[in-house]
Enquirer: 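One structure, as structure tokens, below. Some questions next.
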Amino acid sequence: MGIVTRFAPSPTGYLHIGGARTALFNWLYARANGGKFLLRIEDTDRARSTDAATQAIYDGLKWLGLEWDGEAYSQFARKERHAEVAQAMLDKGHAYKCYATKAEIEEFRASPEGKYGSFQSPWRDADPATAPDAPYVIRLKAPRDGVMEITDEVQGRVSWKNAEFDDMILLRSDRTPTYMLAVVVDDHDMGVTHIIRGDDHLINAGRQSLIYNAMGWDIPVFAHIPLIFGDDGKKLSKRHGATGAEEYRAMGYLAEAMRNYLARLGWSHGDDELFTTKQAIEWFNLKAINKAPSRFDFKKLDNVNKFHIENVPDDVLITGLQDYIASQGRAPLTEAVLTKLKPVLPILRERTKKLPDLLDKARFILGPRPFAPDENDAKHLNSVFNGILKRLTPQLAGVTTWTKEELETLFRDFAETEGVGLGKVAQPMKVVLSGTTKSPSTFDMMAALGKDETLARINDATARM
RNA sequence: GGUCCCUUCGUCUAUCGGUUAGGACAUCUGGUUUUCAACCAGGAAAGAGGGGUUCAACUCCCCUAGGGACUACCA
């Protein structure tokens with residue numbers, strides 16, 4: 001029973017992080033059930049839609065690994081079909097032409113009764129013979145009695161009195177469709193079986209069901225997911241920090257981590273917090289989606305990111321790195337660099353929260369020799385340490401098994417005979433090897449660098465002191 | 001104003017009538033450590049309020065409060 005989901009953003013900006021999660025849920029559900037995940041750009045608002053925004057949505061989804069099936073649909077391109085359906089509704093008597101002008105409607109809204117009820121068109125039951133030769137909109141002839149009930153996979157059963165719904169406009173006077181019409185027609189034509197979207201659309205599910213019924217179409221399964229808020233419980237906006245998916249790439253988050261964090265925000269699988277996308281696909285279901293909105297927590301995201309930086313396969317990490325670098329407008333890492341990087345990846349991944357941190361740590365293997373010490377770390381290369389080096393270097397030169405463990409033992413013994421803490425020796429050595437103390441462990445670096453290179457760097461440093 | 005939705009530690013959440021209400025992040029204390037850090041041990045921390053139903057309610061029902069969505073020829 002082919003499941004079809006869709007993500008339908010309007011291209012008026014970047015890909016919002018809330019939208020990204022909606023897309024993720026749709027994607028997860030489709031993948032979990034062997035279904036299709038479709039993308040539709042809701043570009044019927046010509047004034048606000050831009051190609052750049054459409055591209056930003058594509059880019060954001062691609063970065064997040066949320067590949068859609070087939071070509072993306074353009075809602076605007078389907079306007080003839082929308083008009084056709086509006087006409088069909090007219091023919092079936094479920095819609096009517098309304099000649100009320102915008103001025104008349106506004107006048108009604110400004111009036112006392114306009115404060116409460118919605119606009120009731122006098123043309124609903126008017127004799128067609130009295131119709132003027134003037135522009136008109138096509139309105140839905142919404143039922144006045146009865147109840148509209150929908151069953152939502154997340155919200156449960158929700159109902160409204162039909163009287164609550166107004167005769168919404170289906171086709172504007174310029175023959176373009178409104179959102180309400182376009183969505184229903186497109187979802188129907190695209191064969192969408194499950195509509196997973198933000199719960200700001202919950203009422204629209206009722207309105208749209210009216211159209212489905214009028215056309216005699218099957219109503220899809222609804223799942224209205226709660227929105228994401230900022231840490232203060234208000235709608236997530238710029239002042240909370242990043243709201244665009246792209247920004248997270250630029251900050252150095254892994255797509256795998258974003259998928260994990262976003263999936264876990266509002267959905268759960270018992271106590272599982274850290275999981276792969278593969279697991280998320282296996283576990284995902286609509287029933288476990290929470291009904292309450294959740295707040296975005298950067299601290300937790302950092303923690304999730306740290307986990308994935310540590311555990312993701314090498315090629316995924318490299319891809320993430322390249323994505324990050326591209327987001328900074330820098331040239332990609334070359335093959336030569338990657339060859340140097342790959343062997344030290346294990347020591348780079350430890351204790352790193354974000355991709356730029358990892359790159360910082362990689363300086364010891366990538367950076368040009370000799371290293372000019374960082375401003376804050378230059379103090380380590382003082383005369384005392386110079387003396388220490390004089391006694392230590394010969395010992396190092398005599399090492400036969402150049403491993404992390406052997407070196408650590410040697411340093412500990414050495415520090416003990418010197419009568420100083422290990423930190424007094426190992427810490428300045430980091431500056432010698434990398435120019436900074438923000439590096440991997442001293443012994444990891446030495447082991448990775450090899451004996452000759454290590455000795456050469458000590459030489460560089462003593463020349464400077 | 002009206003309609004609809006939501007409400008467990010600071011945060012994300014588990015619990016599907018019977019638990020000392022569990023976990024994770026953050027936080028605090030102690031330990032360890034060559035580092036931005038990490039790790040180990042331990043602590044503090046929650047069912048919005050009020051009524052019901054029931055032998056028993058975080059869990060079911062109602063009310064109140066607070067938050068949110070919608071109420072466009074936007075989507």
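Residue numbering restarts at 1 for every chain, and letters A, B, ... go by the order of the sequence lines. Just so it is clear, the model here is predicted, and its values are computed rather than measured. Computed over heavy atoms, backbone and side chain alike; hydrogens, waters and symmetry mates excluded.
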Enquirer: Output yes when A/Lys404 and A/Glu408 qualify as a salt bridge under the 4.0 Å nitrogen-oxygen rule, no when they do not.
Expert: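 Looking at A/Lys404 and A/Glu408, the cut-off is not met.
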
Enquirer: With a 4.0 Å cut-off on N to O distance, would you call A/Arg369 and A/Glu453 a salt bridge?
Expert: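 Salt bridge between A/Arg369 and A/Glu453, a charged N being under 4.0 Å from a carboxylate O: yes.
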
Enquirer: What's the shortest heavy-atom distance between A/Val425 and A/Ala415, and which atoms?
Expert: CG2-CB, 4.2 Å

Enquirer: So what does A/Thr44 touch, heavy atoms closer than 4.0 Å: a base, only the sugar-phosphate, or nothing?
Expert: sugar-phosphate

Enquirer: Measuring only the C1' atom in each nucleotide, how far is B/rC4 from B/rU8? A whole number of Å is fine.
Expert: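 To the nearest whole Å, 24 Å.
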
Enquirer: To check you understand the geometry: which heavy-atom pair defines the closest contact between A/Ser294 and A/Leu265, and what is its length?
Expert: OG-CG, 3.5 Å

Enquirer: Within 45 degrees of the ring normal and closer than 6.0 Å to the centroid, is that where the cationic atom of A/Arg46 sits relative to A/Phe76?
Expert: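 Here A/Arg46 passes the 6.0 Å and 45° test against A/Phe76.
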
Enquirer: Using whole Å, report how far CG of A/Leu358 lies from P of B/rC36.
Expert: 18 Å

Enquirer: Side chain of A/Gln155 only, please: which of B/rA69, B/rC73, B/rC5 is the nearest?
Expert: B/rC5

Enquirer: B/rU3, B/rA75, B/rC73: which one has an atom nearest the side-chain heavy atoms of A/Glu164?
Expert: B/rU3

Enquirer: When we call it a touch if two heavy atoms are under 4.0 Å apart, what does A/Thr436 touch: a base, just sugar-phosphate, or nothing?
Expert: nothing

Enquirer: With respect to the phosphate group of B/rC12, does any side-chain polar atom (N or O) of A/Ser268 fall under 4.0 Å of OP1 or OP2?
Expert: no

Enquirer: Is the phosphate of B/rC70 approached by A/Asn204 (side-chain N or O, under 4.0 Å from OP1 or OP2)?
Expert: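 No, no such contact exists.
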
Enquirer: With a 6.0 Å cut-off on ring centres, are A/Tyr248 and A/Phe296 close enough?
Expert: yes

Enquirer: Using atom C1' in both nucleotides, what's the gap between B/rC55 and B/rC62 to the nearest angstrom?
Expert: 22 Å

Enquirer: Contact class for A/Ala163 (heavy atom, under 4.0 Å): base, sugar-phosphate, or nothing?
Expert: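 Since no nucleic acid heavy atom lies under 4.0 Å of A/Ala163, the category is nothing.
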
Enquirer: Regarding A/Asp167 and A/Ser121, do their side chains bring together a donor and an acceptor under 3.5 Å, going by distance alone?
Expert: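 No - no donor-acceptor pair under 3.5 Å links their side chains.
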
Enquirer: If you take the centroid of each ring, where Trp contributes its six-membered ring, are A/Tyr261 and A/His308 closer together than 6.0 Å?
Expert: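 Aromatic pair excluded; centres sit 6.0 Å or further apart.
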
Enquirer: From the list B/rC73, B/rU3, B/rU11, which nucleotide is the closest neighbour of the side chain of A/Arg295?
Expert: B/rU11

Enquirer: Just call it for A/Arg48: base, sugar-phosphate, or nothing, with non-hydrogen atoms closer than 4.0 Å on any strand.
Expert: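 Base contact.
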
Enquirer: Within the structure shown, what part of the strands sits under 4.0 Å from A/His201 by heavy-atom distance: base, sugar-phosphate, or nothing?
Expert: base

Enquirer: Can you tell me, in whole Å, how much space there is between the C1' of B/rU15 and that of B/rG47?
Expert: 11 Å

Enquirer: Is A/Arg40 salt-bridged to A/Glu42, going by a charged N under 4.0 Å from an acidic O?
Expert: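 Answer for the salt bridge query: yes.
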
Enquirer: Base, sugar-phosphate, or nothing for A/Gly266, non-hydrogen atoms under 4.0 angstrom?
Expert: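 The residue A/Gly266 makes sugar-phosphate contact but no base contact.
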
Enquirer: Which part of the nucleic acid, if any, lies within contact of A/Leu422, taking any heavy atom under 4.0 Å across all strands shown: a base, the sugar-phosphate backbone alone, or nothing?
Expert: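 A/Leu422: base contact, heavy atoms under 4.0 Å.
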
Enquirer: Rounded to whole Å, please give me the gap between CG in A/Asp186 and P in B/rA75.
Expert: 12 Å

Enquirer: Just N and O in the side chain of A/Ser294: are any of them under 4.0 Å from OP1 or OP2 of B/rU13?
Expert: yes

Enquirer: Looking at B/rU7, B/rA69, B/rU3, which one has an atom nearest to any side-chain atom of A/Ala292?
Expert: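 Closest nucleotide to the A/Ala292 side chain: B/rU7.
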
Enquirer: Side chain of A/Lys438, heavy atoms from C-beta onward: which of B/rC36, B/rC73, B/rC4 has the nearest atom to it?
Expert: B/rC36

Enquirer: Mind checking the P distance from B/rU27 to B/rG10? Whole angstroms is fine.
Expert: 15 Å

Enquirer: Quick check: closest heavy atoms across A/Ala257 and A/Val304, and the distance to 0.1 Å?
Expert: O-CG1, 3.6 Å

Enquirer: Please tell me if A/Arg207 has a side-chain N or O lying less than 4.0 Å from either OP1 or OP2 of B/rA69.
Expert: no

Enquirer: Pick out the pairs of N or O atoms, protein on one side and nucleotides 59-68 of chain B on the other, that lie under 3.5 Å.
Expert:
residue : atom : partner  : partner atom : Å
B/rG68  : OP1  : A/Lys234 : NZ           : 3.2

Enquirer: Once you apply the 3.5 Å cut-off to both distances, tell me the Watson-Crick or G-U wobble partner of B/rG1, or none.
Expert: B/rU71

Enquirer: Pairs under 3.5 angstrom, nitrogen or oxygen only, protein versus nucleotides 23-30 of chain B, please.
Expert:
residue : atom : partner  : partner atom : Å
B/rG23  : N2   : A/Glu273 : OE2          : 2.3
B/rG23  : N3   : A/Glu273 : OE2          : 3.4
B/rA24  : N3   : A/Lys300 : NZ           : 2.7

Enquirer: What residues in residues 140-153 of chain A put a non-hydrogen atom under 4.0 Å from any atom of RNA chain B?
Expert: none

Enquirer: Charged N to carboxylate O below 4.0 Å: is that the case for A/Asp45 and A/Arg48?
Expert: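 Looking at A/Asp45 and A/Arg48, the cut-off is met.
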
Enquirer: Looking at A/Lys291, I'd like to know whether one of its side-chain N or O atoms comes within less than 4.0 Å of OP1 or OP2 on B/rC6.
Expert: yes

Enquirer: Are a donor atom and an acceptor atom from the side chains of A/Asp232 and A/His240 found within less than 3.5 Å of each other?
Expert: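 Present: a donor and an acceptor within the cut-off.
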
Enquirer: Between A/Arg351 and B/rU35, does any side-chain N or O lie under 4.0 Å from OP1 or OP2?
Expert: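 No, no such contact exists.
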
Enquirer: Can the ring centres of A/Phe284 and A/Phe25 be said to be less than 6.0 Å apart?
Expert: yes

Enquirer: So what does A/Ser10 hit on the nucleic acid, given a heavy-atom distance under 4.0 Å: a base, only sugar-phosphate, or nothing?
Expert: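 Sugar-phosphate contact only.
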
Enquirer: Across all strands shown, which nucleotide pairs with B/rC39 by Watson-Crick or G-U wobble geometry, both distances under 3.5 Å?
Expert: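 Across all strands, the one nucleotide that pairs with B/rC39 is B/rG31.
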
Enquirer: With sugar-phosphate meaning primed atoms plus P, OP1 and OP2, does A/Met180 contact a base, only sugar-phosphate, or nothing at under 4.0 Å between heavy atoms?
Expert: base

Enquirer: Using atom P of each nucleotide, how far apart are B/rU54 and B/rU20 to the nearest Å?
Expert: 25 Å

Enquirer: What nucleic acid atoms does A/Phe443 come within less than 4.0 Å of, heavy atoms only: base, sugar-phosphate, or nothing?
Expert: base

Enquirer: Would you state whether a donor and an acceptor, one from the side chain of A/Ser173 and one from the base of B/rC73, lie under 3.5 Å apart?
Expert: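 Under the 3.5 Å cut-off, the side chain and the base do form a donor-acceptor pair.
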
Enquirer: Hey, does A/Val158 reach any base, or is it just sugar-phosphate, or nothing, if we go heavy atoms under 4.0 Å?
Expert: sugar-phosphate

Enquirer: Under 4.0 angstrom, heavy atoms only, what part of the nucleic acid is A/Lys354 near: base, sugar-phosphate, or nothing?
Expert: nothing

Enquirer: Is A/Arg363 salt-bridged to A/Asp374, cutoff N-O under 4.0 Å?
Expert: yes

